[in-house]
Structure formats: structure tokens, C-alpha cells
> 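I have a structure here, written as C-alpha cells, and I will follow up with some questions on it.
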Amino acid sequence: MRCGMGRGSLVYGDTLGLQRKSEPLISSPACPGAEEFNIDGNRMVREKDICWEYAEKLDGNKVRCKFCLRVLNGGISRLKHHLSRLPSKGVNPCSKVRDDVTDRVRAIIASKEDVKETPIGKKQRVAEAKPVGIVCSSKSLMPLETPSPVTKVFATMTPMGNSSLNNQENAERSIALFFFENKLDFAVARSSSYQQMIDAVGKCGPGFTGPSAEALKTMWLDRIKSEVNVQSKDIEKEWAMTGCTIIADTWTDNKSKALINFLVSSPSRTFFLKSVDTSSNFKNTKYLADIFDSVIQDIGPENVVQIIMDSSFNYTGVANHILQNYGTIFVSPCASQSLNIILEEFSKVDWVNRCILQAQTISKFIYNNASMLDLMKKFTGGLELIRTGITKYVSNFLSLQSILKQRSRLKHMFNSPEYSTSSPYANKPQSLSCISIVEDNDFWRAVEESVAISEPFLKVLREVSGGKPAVGSIYELMTRAKESIRTYYIMDENKCKIFLDIVDRNWRGQLHSPLHSAAAFLNPSIQYNPEIKFLGSIKEDFFNVLEKLLPTPDTRRDITTQILTFSRASGMFGCKLAMEARETVPPGLWWEQYGDSAPVLQRVAIRILSQVCSSFSFERHWSTFQQIHSEKRNKIDKETLNDLVYISYNLKLARTKSVEADPLQFDDIDMTSEWVEESEHHSPHQWLDRFGSALDGSDLNTRQFSASMFSSNDPIFGL
């Protein structure tokens, strides 16, 4: 059916034509598919053009730029050229427009020029020359859309057979194209929010349009940030009872850049506060002390129980400043870093190092040859041979564990007909070296021994790195780890001494904290264990902590009686429920439920036992923080990136708290590690930063931790 035919009418299709200037606008209510056109040949939908958000419409065909306030003749088209800052049509470029707006407008102009060059565009120009009317159909007019480069190259799949199956395949294909086009890390698909997003879109039904880049950057960034802030305010309410720990997580690129990321942790969860660039003043104690003062005041000194720093810090000067100026705040090193130093020194023992290098010879050979990798996975049932841990030394011992589990399968593979007859590498020197190692019983004995001495300390590392309050259990965990070494080397005193000396040396030099002693004394699972006997030094540390947290005689009144009530399990401490919960309920919660018989000691115990003793291990996105602190960025860019990192980091922290995952290892193999990469220059971990192309940069290698635990001669609990 045709409608609106007559002089000056236009033909229906994907073509926009011109109406004669002398005639009024065409409007045909009888034809719902028709549209109105103005004298410039544009649809009367100015308000739908995304560039109108940058301009104010004036009388006639004039617009005012919202950036420089210049008035332009010629409508939205001239405004676009004004904002693009391209020399065109005599339009003066805008001097105040933001770079992101200029890029956006240039992309719009470029996309329209691409459309003009298509065969469809040529057909449109031919059609425009014919003065025929608008054709009406049952379908409404659809605007001409510019396909994305990916859509041009990869056309939509043609449905065949089962329509529901093709819908599923088309959806998965579209998601895959989105990942590939935007260089997204495949690990993104493991995020819980990934499936949540897909489910939410599915509920919207056909026709859903995703938020624009501008909406994501402005409205949604502000809204999600507000939601995260609300969550943080809810957590702050518990600080009055439990207190909190400030974590100063220091990152460096091992060159000239140094950043401190501040987090605050309490039993409910950990929050990321902010990132501070300290590169130019990293050795300036006064400068660093002022930064810590600011963070402490933001949190409230009365809420802070301890501050955890790592050994890469200007530790002594800043720690002394905090201890002198804040009488109730403790300064503690990071237990995870301390344990990592123990593993590092273990790996440097000659025979352990030789074992690791031999194992790496096997893994490099397999992971650098596609046919060998396929063959290995055939024999292992698809399992990886190695593991990627949060540090280089964790990776070493986790990989040795994995290789030990695959010992029989590796031997079968290298002795199989598939390898000897089909593999192009069977007679190569590297292959012969691998066969020699796999058949060497001394090698496997060294692997078994390395796994045996490292596993107890990896277990401790898991406990203190999982985000749980572990300050009350680290003493017991480390004592049992030491006892495991004594048991394993019961017939080899020399080897036993080598490894225990490593543990004890690091304990004396780094990790010992009176707060850990007090937490051990207050932990009911330790206090009431008949096999454990506290040394005098533990009690001495406990009393010193009480004096620090209860600084006046009034606050310490009746504290001796309350200590006896607790240690003798009198009052509520001795009820059946309390006794049954000693081993099963977290010690801080145990005190909250059953500590009413000693109210002053109860408050102290809850605040001490509610603390973590380690920083948290996450994928390090160096380029993100590098971009935040770049002097080349304007204030608006920095604010946006700060908000983005604040949201992203806190979402990761929330997910880690809710997901039971191994805190020591990552899902994907690091293909740049010493277990795979054959180059002499290794990068322990490289993580792709995925906050958009604006953040491309060199990524931070996973930070290497430092220093650890325990007195050498006497087992602390007399085990």
C-alpha cells in the first residue's frame, strides 16, 4: 500500500531523501510506518541524536556548544564537526571539549562516512534522485545502522535444524566474538557476575539494548560506587566491637615506581580504601608517616587494633612513629610474606634447587611442544602437570606436588609406543634428558622429600591467606609445621637442623609479635588443650598487650580475677555449650557468646581474635594503578579510574570472601613462568589489565613476599 504520494514525496526504504523547501513537512497519520523529514533531509528526531547531550537547541537552526558556549548555525551536523576538532566546512574547533567526547564524535562521523561508501549507500543515492512517494508496510521504518567491524567480517549464523540449538550457538558465538574483539581475559567467564549478567539480559527478552559507554562511565559508575559505599558503611558498624586491621600493601615495579594500597579488614570482610603513589618519597619517613596518620584518622584510631606492613616498607621508621603516637595500635609484619621467605630459602637448599630445575626441564619440554602437551593431557586425563601459585616459590612446591601425583602417568607416557614412534621429539637431546630424569629414582626421592617438608608450611599459608581472622591460630599452626619436619627427619638430624634453622631464623628476625602471643593465650582451643604448655614468654607478651589495650588502672580493675576465671574455665566458660564449641567455633565468636563472666577481658579478646595476620593475594594489575597515578591524565580521568579501581577491587574482595577457592593458586597456568618459559628473563606472573584500551600498559609481576617464624630450641607449646 502507498500513502503520502505527491510532489516532493520520498520513496520508502533505507534511503532518506530531500523534501522541496517550498512545501510543509510531510506527515501521514494514516501511514504509521512513515516518518517526517525537515528541510535538511534529516528525520525529525533531534532528541534521539546522541550528540544533542553536548548542545543546547536555540531558535531556528542554531545550537550552543555546552563546552565553549559558542553559537553555531547549521544544526547538529556542524556541532559534530565543531566537537570533532577536525578542519571541515569552515567550522571552528571547540577549545574546551573533553578528549573522550572528541573521540566519540569522530567515531560517529567516521561510521557515517563508511556507510556512504557501501553499495547500499550508492543505491540510496540513486533512489534519492527519483521523486516517488513513501511506501508504507506493516513493519515500521528501521533506521540504517552501521554494523561493527566484527559483524562485517563474521556474519550472523544462518539458523538450521533445531531453532533453540541455533539460538544457543548464536548467543555463545556472539559472546565469543565480544571477548575476542575486546581482548578480554578468558578468566572473565569464571566470574560469578558473568552468568548473573547473562541471566539478567535473558529476562529482558528480545530488543534489549545495553548501556552506552557514556552511561557506563557516568551513571552506572556512580551508582555502583554508591552501592559499594553503602556496604562499607554497614561493615564499619562492627568496628566498635571487633576493631579492624589496616593493611598497607606495597607494590613496586622493581624500577622507580612504588605504590601503597590501603585496605581495612574486619571479620565480615575486607575493603579497599585507596592507592597512594609514594615513588618520589618512598624513603622519606616523615612523608610516609603523614600518609598513615591520614588513613588512621579516616578509620578512627579507636577502631584500629593493628597495622600490617610488608618488609619492602621503610618499616622501622614508620612503625616507630605509629607506636609512639597511637598507644593502643600494634604494628605487625605480614605472615604470608614471612612464610614465603621460608619457602624461598627451602628452595635454595642445593638438592631442593636441583630437584626443581630437573622438574622444570620436563615441564618446559612438554609445554613448549604442542604434540607433547596433547599427549601429556591424554595420559593425565586432561589434567595440567604444573600449578601457578601466588608467588614463584609457592608455584615451585605446588608444581612438585602435582608432578609427584602424575609420576606413574609420566613414566607410561615416555615409555609408550605413541611417544617413541609418533613423537617428532623422541630422539632429540631434550627428550632424552627428560626420559633420564623420569627414570631416575633419586629424582623422585628428592621430589617426595621436597613435598614433605613444604606441605606443612603451604598449609599454614592457606590458613593465614584466606581472609579469615587467623591471628589466634598462627602459633599453633607453625608449631605443628615444625613438628612435621622433626617427625619426617627423625633419622636425619642434619637435614632436620637445616630446615628448622631456616624457620627459626626468620621467626626471630621478622614475624614475632606480642599480639600473636596474646591471641594464642586467648584462643580457647589452645588454652584448654592439655597437651599444650605455655612458655613464660607467651604470658609475658599477653600481659604487655593487656597493659597497652587497658592503659589506666580503672580499665584494668578486676582483670586478674577475670583472667583466672577464663584460664580455670569457671562461670560461663565451663558450661557444656562453651566446652563443645572450643574447637568448632571461631575464637572471636566464642568469646562473644561465652565470655560474659569476664566482661573486660571479653572485649579485649574479641578485638584481638577478630584480626587477620596477613595481607591478601590477588591478581596484580600494575597498569591500572600506573594509569591512575600518571601525571599525563587530567583530573576527570583520574577520578574515573580511581572510582573504577575502587569498585573492581572491592567486588573482587567480596567475591573472594564468598567463594571457597584455594588462596594459594590460580586457575590458569602462567605461560611466562620458569616452569614453561624457556627465556632467561622470566616474569613470575603477568596479568592482563581489562579495564579498556585506555589502560593498556606493562603489568606488575606478582609481588614477592618476605620473612617468618619461631624460636629454635624449644617447642613453644611443649609439643
> Out of the candidates Ile108, Val63, Val101, Ile109, only one should pair with Cys51 under the side-chain contact (heavy atoms from CB on, under 4.5 Å) rule; please name it.
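Exactly one pass, corresponding to Ile108.
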> Minimum heavy-atom separation for Cys244 and Ile299, please, with both atom names.
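That closest heavy-atom pairing would be SG-CG2, 3.6 Å.
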> Does Glu677 offer a backbone N or O that forms a donor-acceptor pair with the side chain of Asn368 under 3.5 Å?
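Between the backbone of Glu677 and the side chain of Asn368 there is no qualifying donor-acceptor contact (under 3.5 Å).
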> Would Lys225 and Glu639 count as a salt bridge (Lys or Arg N to Asp or Glu O under 4.0 Å) here? Give the steps.
CA-CA 12 Å; Lys225 181 184 177 183; Glu639 289 177 354; over 6 Å; no
> Please give me the minimum heavy-atom distance between Ala215 and Pro211, naming the atom from each residue.
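Minimum heavy-atom separation between Ala215 and Pro211: CB-CB, 4.2 Å.
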> Counting distance only, does the side-chain N/O of Thr388 pair as donor-acceptor with the main-chain N or O of Phe666 below 3.5 Å?
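Between the backbone of Phe666 and the side chain of Thr388 there is no qualifying donor-acceptor contact (under 3.5 Å).
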> Is it the case that atom NZ in Lys66 sees more than 12 heavy atoms from other parts of the structure closer than 6.0 Å?
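Yes, the 6.0 Å shell around NZ holds more than 12 heavy atoms from other groups.
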> Looking only at heavy atoms, which two atoms of Thr102 and Val97 are closest? And how far apart?
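Heavy atoms of Thr102 and Val97 come nearest at OG1-CG1, 3.2 Å.
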> Taking Ile246's backbone N and O only, do any of them form a donor-acceptor pair with Ser265's side chain (distance below 3.5 Å, no angle check)?
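Pair absent, no side-chain N/O of Ser265 close to backbone of Ile246.
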> Does either side chain, that of Gln168 or that of Glu172, offer a donor lying less than 3.5 Å from an acceptor on the other one?
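On atom types as modelled, these side chains qualify, holding a pair under 3.5 Å.
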> For the residue pair Gln231 and Asn650, establish whether any side-chain heavy-atom pair is separated by less than 4.5 Å.
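No, side chains not in contact.
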> Do Ile291 and Asn281 have side-chain heavy atoms sitting under 4.5 Å apart?
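Result no, sub-4.5 Å side-chain heavy-atom pair not found.
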> Please check this pair: side chain of Asp249 against backbone of Asn261, looking for a donor-acceptor N/O pair closer than 3.5 Å.
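Side chain of Asp249 to backbone of Asn261: no pair is present.
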> Just by distance, with hydrogens left out, do Ser193 and Ser191 show a side-chain donor and acceptor under 3.5 Å apart?
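Per modelled atom types, Ser193 and Ser191 side chains form a pair under 3.5 Å.
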> Do we get Arg269 above Phe271's six-membered ring, with its NZ or CZ under 6.0 Å from the centre and within 45° of the axis?
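Pair Arg269/Phe271 counts as cation-pi.
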> Relative to each other, are the rings of Phe292 and Phe262 parallel, tilted or perpendicular (30° and 60° limits)?
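Taking Phe262 first and then Phe292, their aromatic rings stand perpendicular (interplane angle over 60°).
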> Looking at every heavy atom in both Tyr194 and Ala189, which two are closest together, and how far apart are they?
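Minimum heavy-atom contact is CD2-O, 3.2 Å.
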> Do any N or O atoms from the side chain of Asp277 and from the backbone of Ser279 form a donor-acceptor pair under 3.5 angstrom?
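Present.
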> How close do Ile390 and Pro663 get, counting heavy atoms only, and between which atoms?
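Taking Ile390 first and Pro663 second, the nearest heavy atoms are CG2-O, 3.3 Å.
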> Would you say the side-chain atoms of Arg78 pair up with the backbone N or O of Asn73, donor to acceptor, closer than 3.5 Å?
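Yes; at least one donor-acceptor contact below 3.5 Å.
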> For the residue pair Asn229 and Tyr646, establish whether any side-chain heavy-atom pair is separated by less than 4.5 Å.
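Yes, at least one pair of side-chain atoms sits under 4.5 Å.
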> Is there a donor in the side chain of Asp199 and an acceptor in the side chain of Gln195, or the other way round, less than 3.5 Å apart?
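On atom types as modelled, these side chains qualify, holding a pair under 3.5 Å.
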> May I ask you to decide if His81's main-chain N or O and Ser84's side chain share a donor-acceptor pair within less than 3.5 Å?
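Yes: the side chain of Ser84 pairs with the backbone of His81.
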> Look at the aromatic rings of Phe186 and Phe179 and report parallel, tilted or perpendicular, splitting at 30° and 60°.
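Geometry flag for Phe179 against Phe186: parallel rings.
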> Checking Ser648 side chain against Leu644 main chain: does a donor-acceptor pair fall under 3.5 Å?
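Such a contact is absent between Ser648 side chain and Leu644 backbone.
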